[in-house]
Protein chains: 2
Amino acid sequence: MPKLGAEPIRRAALVKATIEMVGDSGSLDVTVAQIARRAGMSSALAHHYFGSKEQIFLAAMRSILSIYAAEVRGALAAAEGHRGRLRAIVRASFGPGSFRREAVGAWLNFYVLAQTSLEARRLLAVYQGRLHSNLMHDLRPLVGPRAAGVARGVGALIDGVYIRAALTPGNADRRSAAVLVLEYLEREMEGR
Amino acid sequence: MPKLGAEPIRRAALVKATIEMVGDSGSLDVTVAQIARRAGMSSALAHHYFGSKEQIFLAAMRSILSIYAAEVRGALAAAEGHRGRLRAIVRASFGPGSFRREAVGAWLNFYVLAQTSLEARRLLAVYQGRLHSNLMHDLRPLVGPRAAGVARGVGALIDGVYIRAALTPGNADRRSAAVLVLEYLEREMEGR
DNA sequence: TTTTGTTGATTGACGAGTCAATAAACTTGC
DNA sequence: GCAAGTTTATTGACTCGTCAATCAACAAAA
């Protein structure tokens with residue numbers, strides 16, 4: 001029963017289903033049929049809209065990345081001063097939108113995809129570049145020439161905490177994750 | 001021409017080939033046939049010795065972990081004082097044995113496997129537990145009650161730097177990776 | 001009647017694991 | 001010393017399942 005204008009709804013449903021499946025199966029070995037079934041349609045329809053499995057994954061990745069970017073933008077808009085903005089970036093990185101277990105699991109798997117797929121690697125580079133330049137913007141005035149090193153450290157620490165969250169059974173604790181990174185930042189800003 | 005005593009050689013060859021393949025294909029989607037061919041034998045023989053693909057992967061993971069453990073033990077034996085021992089642990093984590101690009105890539109993929117396979121998760125827990133307790137042993141006398149938090153941070157940071165190394169094209173730079181973590185440690189020991 | 005939505009059925013490829021068969025190397029009983 | 005039997009090494013061919021992608025066909029809007 002074709003209701004018109006189904007395309008965007010179907011696409012969104014598929015992206016959502018993909019993230020959920022990858023997240024809680026913990027692997028990229030998810031079949032198009034499974035994803036499609038979860039999204040309430042046939043696998044043929046999934047192919048109709050996305051063309052290939054890889055495109056489905058990339059769309060899912062783009063979605064995760066843009067949710068994250070939106071959280072950062074939101075947090076940044078409400079923040080005051082360099083310190084405040086840095087804290088906002090870190091907190092946004094562990095915001096509810098991107099720190100649910102499935103999302104973290106999916107993210108980890110997309111890291112792996114990035115080793116294989118050029119387009120995925122490109123997406124990830126965009127994410128890392130954005131994070132880096134966001135951090136640099138507020139770090140430079142505070143720690144001068146050490147900014148690059150600190151930004152690198154914060155980036156790595158965020159990724160590391162993410163991995164742990166994906167591997168720790170039970171629901172990940174975003175409060176303490178954020179605190180850990182914030183304390184790192186604080187110490188880097190005090191010293192030297 | 002069956003030379004007797006082939007089993008250990010074959011097993012080792014398969015493990016080595018697995019790590020290499022997973023590392024530079026950047027994915028767990030490696031067929032038993034590919035691994036076997038790389039190790040210079042038929043896929044049937046790989047099954048004969050390991051029984052299943054998962055067992056091959058687990059053996060590879062065990063191998064990676066034990067190489068790492070050996071490097072830590074070695075570094076620790078030559079270290080003096082709490083500070084020296086902590087530094088040794090960090091340096092060993094980025095030692096040549098575990099920081100070749102393929103090994104890092106393989107490690108990242110095994111992280112993913114750990115979400116799916118109980119046995120893999122168990123292995124990873126052993127690694128994390130060992131690292132944690134090693135760190136705690138020398139951290140407690142230096143930072144007292146803050147030891148647990150610092151150990152957590154160092155662990156996460158090491159993992160994060162690993163991910164970056166796996167995803168950064170070109171040869172990963174272990175010198176600067178170690179320095180980054182060491183500076184983190186240093187700062188944590190000075191402060192508070 | 002053309003466009004948009006939708007699916008069941010099918011294809012074609014690939015891959016894990018099994019099996020039967022072959023052969024060299026050791027063991028044993030004489 | 002050696003024939004007969006056993007264990008270990010090894011593979012090509014095969015089975016059985018799965019899965020991405022395609023297609024033909026049907027249904028409802030426009």
Side-chain angles (χ1 to χ4, degrees), chain A residues 1-22 24-61 106 109-110 112-113 116-120, chain B residues 1-22 24-61 106 109-110 112-113 116-120:
Chain A
M1 328 81 183
K3 307 148 233 184
L4 277 233
E7 174 154 3
I9 289 124
R10 293 304 203 182
R11 289 185 98 101
L14 282 167
V15 163
K16 179 159 173 275
T18 303
I19 295 171
E20 288 169 4
M21 288 241 73
V22 171
D24 65 41
S25 93
S27 140
L28 290 174
D29 277 336
V30 203
T31 71
V32 172
Q34 288 171 317
I35 294 171
R37 192 149 48 85
R38 178 139 184 174
M41 72 196 81
S42 75
S43 72
L45 195 52
H47 275 103
H48 174 63
Y49 283 126
F50 280 100
S52 78
K53 191 183 178 174
E54 173 154 23
Q55 288 305 315
I56 299 179
F57 279 148
L58 291 176
M61 213 169 148
N109 276 282
F110 289 134
V112 168
L113 182 63
T116 311
S117 153
L118 192 80
E119 182 66 8
Chain B
M1 329 83 180
K3 307 149 233 184
L4 278 232
E7 174 153 5
I9 289 124
R10 293 304 203 184
R11 290 185 99 102
L14 282 167
V15 163
K16 180 159 173 276
T18 303
I19 294 172
E20 287 169 2
M21 289 241 73
V22 171
D24 65 40
S25 93
S27 140
L28 290 174
D29 276 337
V30 198
T31 70
V32 173
Q34 288 172 317
I35 294 172
R37 193 148 48 84
R38 179 139 185 172
M41 72 196 79
S42 74
S43 72
L45 194 53
H47 276 103
H48 173 62
Y49 282 127
F50 280 100
S52 79
K53 191 183 178 173
E54 173 152 24
Q55 288 307 313
I56 298 179
F57 280 148
L58 291 175
M61 214 168 148
N109 276 282
F110 289 134
V112 168
L113 182 63
T116 311
S117 152
L118 192 81
E119 182 66 7

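So that the names make sense, note that chain A is the first sequence line, chain B the second, and so on, each numbered from 1.
- A:L28 approaches A:K53 most closely through the heavy-atom pair O-NZ, 4.2 Å.
- Distance CD1 (A:I9) to C1' (C:dT6): 15 Å, rounded to an integer number of Å.
- Rounded to a whole Å, the CZ atom of B:R37 is 15 Å from the C1' atom of D:dG12.
- Between A:F50 atom CZ and D:dT22 atom C1' the separation is 18 Å, expressed in whole Å.
- Minimum atom distance to the side chain of B:A44 is reached by D:dT11, of the listed C:dG17, D:dT11, C:dT7.
- Counting only heavy atoms from C-beta outward, the side chains of B:L14 and B:R11 never approach each other to under 4.5 Å.
- Nearest nucleotide to the B:H47 side chain, out of C:dT6, C:dG17, D:dA21: C:dG17.
- Using a 4.0 Å heavy-atom distance criterion, B:Y49 is classed as a sugar-phosphate-only contact.
- B:S43 comes within 4.0 angstrom of nothing in the nucleic acid, heavy atoms only.
- B:H48 places its NE2 atom 14 Å from the C1' atom of C:dA20, with the value rounded to the nearest Å.
- Taking 4.5 Å as the limit, every side-chain heavy atom of B:I19 sits out of range of all side-chain heavy atoms of B:F57.
- In the set C:dA16, C:dT7, D:dA20, the nucleotide with an atom closest to the side chain of A:V32 is D:dA20.
- Between B:I35 atom CD1 and C:dG15 atom P there is a gap of 12 Å when expressed in whole angstrom units.
- Of the candidates D:dT22, C:dT7, D:dT10, C:dT7 carries the atom nearest the A:L45 side chain, counting heavy atoms from C-beta on.
- The phosphate of C:dT6 (OP1 or OP2) has a side-chain N or O of A:R10 nearer than 4.0 angstrom.
- Contact check for A:T18 versus A:V22: side-chain heavy atoms found under the 4.5 Å cut-off.
- Looking at which nucleotide of DNA chain D each of B:G40 and A:A33 is closest to, the 5′-most match is held by B:G40.
- As judged by a 4.0 angstrom heavy-atom cut-off over every strand, A:S42 is placed among the base-contacting residues.
- Between A:K53 atom NZ and D:dC19 atom C1' the separation is 8 Å, expressed in whole Å.
- Under the 4.5 Å side-chain criterion, counting only non-hydrogen atoms from C-beta, A:D29 is in contact with B:D29.
- For the pair B:M41 CE and C:dG17 C1', the computed distance is 17 Å after rounding to whole Å.
- Between the CD atom of A:Q55 and the P atom of D:dA20 there is a distance of 15 Å, given to the nearest Å.
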